[in-house]
Each structure stands twice: as C-alpha cells, then as structure tokens.
Amino acid sequence: MGKLIYLDNAATTKTSESVLQAMLPYFTECYGNASSIYSIGTKSKEAITKSRETIAATLGAKPEEIYFTAGGSESDNWALKATAEAYESKGKHIITSKIEHHAILHTCEYLEKRGYEVTYIDVDENGTVKLDQLEKAIRPDTILISIMYANNEIGTIQPIKEIGEIAKKHGVLFHTDAVQAYGQLPINVDECHIDMLSSSGHKLNGPKGIGFLYIRKGVKIRSFIHGGAQERKRRAGTENVPGIVGYGKAAQEAVDSMKERTAKEAELRDYLIDRVLAEIPYTRLNGHRTNRLPNNANFSFQFIEGESLLIMLDMEGICGSSGSACTSGSLDPSHVLMAIGLPHEIAHGSLRLTLGADTTKEDIDFVVEKVKGIVAKLRSMSPLYEDFVKKQK
Ligand SMILES: *Cc1c(COP(=O)(O)O)cnc(C)c1O
C-alpha cells in the first residue's frame, strides 16, 4: 500500500511534531507532581499555569475559568450534570438540539431518567438550529441551553451569538460543545455570551485524553471528580501535565495558523465538494453549503452503502467515515442525518471527509477519482440502481 490519505480529522488528528516535542520533557525530566513543593513539582505547576493562560487568551477568557478535563466527553458530562445539580432549585428543564454529539445526548437521557426534562430542538435541512423554536421552548424552569458550536458530522456552524443572546435575555445558562470549532473558528466567550464551553485536545493536533471546560466566573457549578484540590477543587486528580502542556502548545499553534490554514482548507474543501457533485450523479452534500467547518465535506450517494464505500476506500489507503450502521454499532443511520430530513436509504450511503492542515490538492484529486470509481462499481452491483436506471429509460 502506498501513501495514507487521512481525511478523518473530525474523528481525531495526528499529534503535531512540535506538540510532541513540547510534551516529552514532562514525561521524563519534569515528572514532578504539581502539588509538591520541591522544584521539579513547581516546574510542572508553572507549565500548567502557562498552558491555562495560553488557552484562556485564545477564548477571551480568564485563566481561572479554564478547568482541565480528560477530554470533550468529560467536559460535556460535567457541564450538564453539574449544572443540573447546582440549579435544580430553579428548575429541571434543559434545552438542547437533535444533532448534538452523543456525549451530550446520552447525558441528557441519563438526566431524563433522574427527573429532568429535556427539549430537543429541530434543525432545518442545512442542520441549523431553529432559533424561533429554541426561544419558544424556554420556560421559567429552564436552567440550561446546550447547543454545539459546529456539528461533527455535517460541519454546520450554529448561530452561537444569537443563541447566547437568547439565553442571556431569558436568564438561562448557555453551554456549547465547541470540540469541532475550537482551533477552526475564532471564538470569544464574551461576544457570544457563552457560560460554559467544552473542547478536546486531540481534535486540534494535540494529544488524546486531555480537554477543558470553560466555566464563566459566577456560574455555580459542582465538582465533577471528588478528591484532591486540583483545578480549584472542582476536578480532582493529579494533573495530566504532558497532556496539558501539549494542549496549550496545540491551541497556540491552531490559533496562530488559523487564518491561513483554514483558508487553504476551505478552498480544498470547496474544490472537493464541487468536483464530487459535478462528477458523481445522484449525490448530495449534507450540511450548509457555505456556513460549515472549513475542513468538512459530507456526501450522500444514492444506491450504495456507506460501509462498503469506506472499506473499499481503505483498500486504496484513504481514511474517511460514514454516518451509518456498523461504525456506531447500530443499524440506525446517524441521528444527525435523520434530523436534517434524509430518508434512511439515502443516509445509509453517506461519506464524511474531513481535511487536515497537510491535505493537498493532489490528495483530493486522487480521492475524487477513487470515490468516483468505487461508487460506480457499487452501483453496478446494486439491484436498486438497476431498477432505477430501467425506469429512467
Ligand atoms: C470528538 C467530540 C467529542 C468527544 O471528545 P473526546 O475528547 O473524544 O471525548 C464531543 N463533541 C464533539 C462535537 C466531538 O466532535
């Protein structure tokens, strides 16, 4: 097998070499516990402080509002469960959307089993949350609105500022899962009235197993992990110092390179989208045509199974992902593709390709040719397609 073309950067990214180099000393020479008073301990503590300051600055937040966690899922769980608990005397109603990541949706189900009520807002055919429905759903007992910044499957960017304004107007807390958006889009927590924000290191060329939850000063929130006094007594456990250092480095690099990198990615993304739609018949683009993450393309090809397409792409050294069946261990197509109104049979033929900083035009050309050939081959074996073609004649 030749070169690997990795177009699944929404699933995870490669840790960049400079991030790895920044982390290495904290495994070996500087292994001290940040709570210790001797100098290799204080070195760790200083590194954590620096990383926290770097990350806070990228969001227009204060360092003491950044709480390190073990990743996006933990941050999402924390934001929802701890708010539910801390504000339960005000009410037990939460608003979210139908296209959230499972870290949000399954946490909501957990809360529903414990007496909370959750309203799931619809999205339109582009995957944009319906703002009028959202505002109408707010009740006196609503304590939290949690809407993702940008969707991990179809890339649609949500009207976060407007949602923040609605939440503020009604005195409701606003949490956003920004795991896909952070490092791809400029984010300012004050401008968007964000009270809590989740992020994860491995989605922006940082290491796996590290994330943060931004919690605005003044938000009442409970500890998530009980134990030592780390993270201002809110999230106990000896800090993942190499992870935190790597995350700070990755965040800085992502923000520094954002303008140029995302412009290049968006250009290649549009080139990919235009070629696929023009050259492969009975194909649609999922998600908003323009208001989408710079690196995300998501297609549905009629008359084929996304799983078969992925397996055949893998044989060509191409990594992508689908929004259906086996990958998620269930037979249902993705809840996101259902929410934008795709019929089952079309959702099943979906392919998500998410570009990285080092994706080239040559990569895209190679991928388009391969996708074209494989889709044609799979269709030629499909009785549904055969029927369809006969009827066209
Ligand atoms: C990847 C992802 C998560 C989960 O993050 P982990 O760090 O893998 O736990 C949550 N939300 C979104 C939108 C994601 O893309």
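Just so you know, ligand 1 is whichever comes first in the structure, and atom 1 is the first atom listed for that ligand. In this chain, residues are counted from 1 in sequence order. Hydrogens, waters and symmetry mates are skipped; everything else that's a heavy atom, side chains included, is used. Predicted, not measured: the structure shown is a model, and the values here were computed from it.
Counting side-chain heavy-atom gaps under 4.5 Å among Ile, Leu, Val, Met, Phe, Trp and Tyr, the cluster of Phe388 also holds Tyr282, Phe303, Leu384, Tyr385, Val389.
Salt bridge absent: Arg52 and Glu64 never bring a charged side-chain N and a carboxylate O closer than 4.0 Å.
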Stepwise salt bridge (charged side-chain N to carboxylate O under 4.0 Å, His left out) test for Asp358 and Lys14: CA-CA 11 Å; Asp358 49 8; Lys14 179 176 174 176; 5.2 Å; no
Residues Arg275, Asp270; criterion salt bridge (charged side-chain N to carboxylate O under 4.0 Å, His left out); working and verdict: CA-CA 8 Å; Arg275 275 202 66 185; Asp270 290 339; over 6 Å; no
Stepwise salt bridge (charged side-chain N to carboxylate O under 4.0 Å, His left out) check, Arg235 with Glu74: CA-CA 11 Å; Arg235 202 275 185 187; Glu74 183 187 319; 2.8 Å; yes
Salt bridge (charged side-chain N to carboxylate O under 4.0 Å, His left out) between Glu231 and Arg234, intermediate numbers included: CA-CA 6 Å; Glu231 301 300 298; Arg234 260 116 173 234; over 6 Å; no
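Residue-level contacts of ligand 1 at the 4.0 Å heavy-atom threshold are Gly71, Gly72, Ser73, Asp76, His101, Met148, Asn152, Asp177, Val179, Gln180, Ser200, His202, Lys203.
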